[in-house]
Protein chains: 2
Amino acid sequence: MRDVATMAGVGIATVSRVVNGKPVTPDLAERVKRAAELLGYRQDLTASSLRRADRRTHTLGLVLEDAANPFSAALHRAVEDAAAEHGMLLLAGSTDEDPVRERGLLKTFAARRVDGLIVVPTGQNDTDLDAARRAGTPVVCMDRRTTAPQVDAVTVDNRAGVQAAVKRLHAAGHRRIAFLGDLRTIWTAEERYAGFVKGLAEAGCVLHRSLVRRDLHGVEAAQEATRELLALAHAPTAFISGQNLLTVGARMALQELRLQHRVALIGFDDLPLAGLLEPGISVIAQDHAAIGREAAGLLFDRLDGERGPARHRVLPTRYLARGSGEIPAAEDR
Amino acid sequence: MRDVATMAGVGIATVSRVVNGKPVTPDLAERVKRAAELLGYRQDLTASSLRRADRRTHTLGLVLEDAANPFSAALHRAVEDAAAEHGMLLLAGSTDEDPVRERGLLKTFAARRVDGLIVVPTGQNDTDLDAARRAGTPVVCMDRRTTAPQVDAVTVDNRAGVQAAVKRLHAAGHRRIAFLGDLRTIWTAEERYAGFVKGLAEAGCVLHRSLVRRDLHGVEAAQEATRELLALAHAPTAFISGQNLLTVGARMALQELRLQHRVALIGFDDLPLAGLLEPGISVIAQDHAAIGREAAGLLFDRLDGERGPARHRVLPTRYLARGSGEIPAAEDR
DNA sequence: TTGAAAGCGCTACCAG
DNA sequence: CTGGTAGCGCTTTCAA
């Protein structure tokens, strides 16, 4: 920049003004631009934000469960688009539900002075989230809640979604409904299970503890659990799966045993291609784009100075009937 | 940091040494740490990299086609893991195949002084990639090649993959094979088409221009094209689809017409759940993790000082027979 | 081993 | 409107 100033025969401050589009005599501006071009000048945003009064880096930190999971990917893209509208870029990282990794990400994001954080929290690090916020970095939780104060969250109505699904299954005659749940440390896993319990209770249906399998993580765990449940003397006639990979595992087990047309299955969160299966997988779908957009919105509020207590936006789920959730209970069994 | 120094009664340089783990008398180090703790000191990596001799930001720029696409997501995660091993973080953005967006991303990544770039290039910005490299930022292309010099690339053997698929279909009696291709600006789309042409030629099979549909982008375009092809007087008995979303669209059209068991389909790139469909979708699969890992490896080489000409790593594809590619040609038609 | 001081590239302030 | 100058938080000489 100094070189550009020298070459253009102007002060260094003028170059800065030109680069930042502040009012400068056209003649000078032209000279500066030419010099910048000739010298191959490249603006340095890191130095700029260091000196700038607001110290903004125009960077957001995004903490996901696993960037490779289609669910996380959809959130990522939604946040990216919202961020781009505000001229912000995303630093992203995956936790794999490991609080140590989460902590590491939060720390390095903080050290890089991100303007804000959007986090899918593991649920075992609430103090770190609070610490980040106290240090001046607004934090918004996405997909899950947290207990940290002044940390906003946007989630879907997990309980209501599962509850409605249970009612449907009950109405179709199912009395032995199994539940597959993700790690109990995950907020949504607990919420969805709560919805399951509530749904059964409202339907006046018995909750068979032997048909509940929680703390399952990943396709294979669900597949194995489903196999085991189906081998039971009084096997379930329907399954509710609390996460997308678990749904895949459950369906794989069902197809292994050629039971996909006889045993009902409703999954939480949609899957690509779910509609092309025979029968299609019925799901409790969430609007990923809306979740990400809303989370970004809450964050930008905070960046604009909002100082109130934690806000919690709850988005509705939508049931997509594709067949697997519409299988009636077999007469006997 | 100055405050910490004052409080600990040491020089500011000593605090820097402690923070960076350089040798300091244990007694002093202890005092510094305590002061830092008390004052809630948080390291500022942006300022640090500004002053540091190597000027490294420990940040990589990742330019994807669409962060929400499972393919991009898998690459993202693979690169993230490799980056994390080297203590690097990822700035990521999507181009949607728009060279203007790509250019914008490259520019802002450069302004943020990323240490290196891993790019899935739109193919319409090769000069910008070269410009980045000339400015001192090593660039590696992932999934696609580029003509820019000294820009490494890691791709799969697209031609060989499609070629082998064509041969399989031909051996199964297919003589009217359709091809669905993505935007022709995309390098892989052209390569895959080249493989299609070569495969037909080697099999001594006629290339029916009317069965080739290129420049398709997204599920719906492929669905519509597939419908049209199937409505032809001499409809194809088999389809090869050159991209994952196109495969989905093709399969949707096939199922609409209940032809999924009669018309063969082979897709390029695997899809989640593809194995659960009836029939399963046979695909030419690529190892996303390997692609990402390899790309990161090439980049770290460059960061370690490698100055040679562009290197191009070609990874093999693997054919996954799941049924849809094993459907023989109907006797008549 | 330590501390003082210079300065990374930039913006903010102030005097002209 | 413009240029000089101070200084963002840090690392790196360099001398003690």
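In the text below, chain A, chain B and the rest are named by the order of the sequence lines, each starting its count at 1.
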Tell me yes or no: between the side chains of B:Thr137 and B:Arg133, is some donor less than 3.5 Å from an acceptor?
no

Can you see if the side chain of [X] gets near the phosphate of [N] - specifically, an N or O under 4.0 Å from OP1 or OP2?
{"X": "A:Thr14", "N": "D:dT2", "value": "no"}
{"X": "B:Thr25", "N": "C:dT1", "value": "no"}
{"X": "B:Thr46", "N": "D:dG9", "value": "no"}

Of all pairs that satisfy salt bridge (Lys or Arg N to Asp or Glu O under 4.0 Å), the ones with a partner from residues 1-14 of chain B, not counting sequence neighbours
none

Pairwise salt bridge (Lys or Arg N to Asp or Glu O under 4.0 Å) hits with a residue in residues 142-154 of chain B, at least two apart:
B:Glu65-B:Arg144, B:Glu97-B:Arg144, B:Asp152-B:Arg302, B:Asp152-B:Arg311

Five pairs per end, C1' atoms only: what is the angle between the end axes of the helix from C:dT1-D:dA16 to C:dG16-D:dC1, to 10 degrees?
40°

Partners meeting side-chain contact (heavy atoms from CB on, under 4.5 Å) with A:Thr185 (sequence neighbours left out)
A:Gln124, A:Leu183

Pairing residues for B:Arg52 by the side-chain contact (heavy atoms from CB on, under 4.5 Å) criterion, not counting sequence neighbours:
B:Asn20, B:Ser48, B:Asp54

Could you tell me which residues satisfy ring pair (Phe, Tyr, Trp, His ring centres under 6.0 Å) with A:His312, sequence neighbours excluded, listed by chain and number?
none

Only counting residues at least two apart or in another chain, list the ones meeting ring pair (Phe, Tyr, Trp, His ring centres under 6.0 Å) with A:His288.
A:Phe71

Which letters describe nucleotides 6-12 of chain C, given B = protein heavy atom under 4.0 Å from base, S = only from sugar-phosphate, - = neither?
BBBBBBB

Rounded to the nearest angstrom, tell me the gap between atom CG in A:Leu28 and atom P in D:dC1.
11 Å

Taking only distance into account, with no hydrogens and no angle test, what donor-acceptor pairs under 3.5 Å do side-chain atoms of residues 26-43 of chain B form with protein atoms, sequence neighbours excluded?
residue	atom	partner	partner atom	Å
B:Arg31	NE	B:Ala8	O	3.2
B:Arg31	NH2	B:Ala8	O	3.0

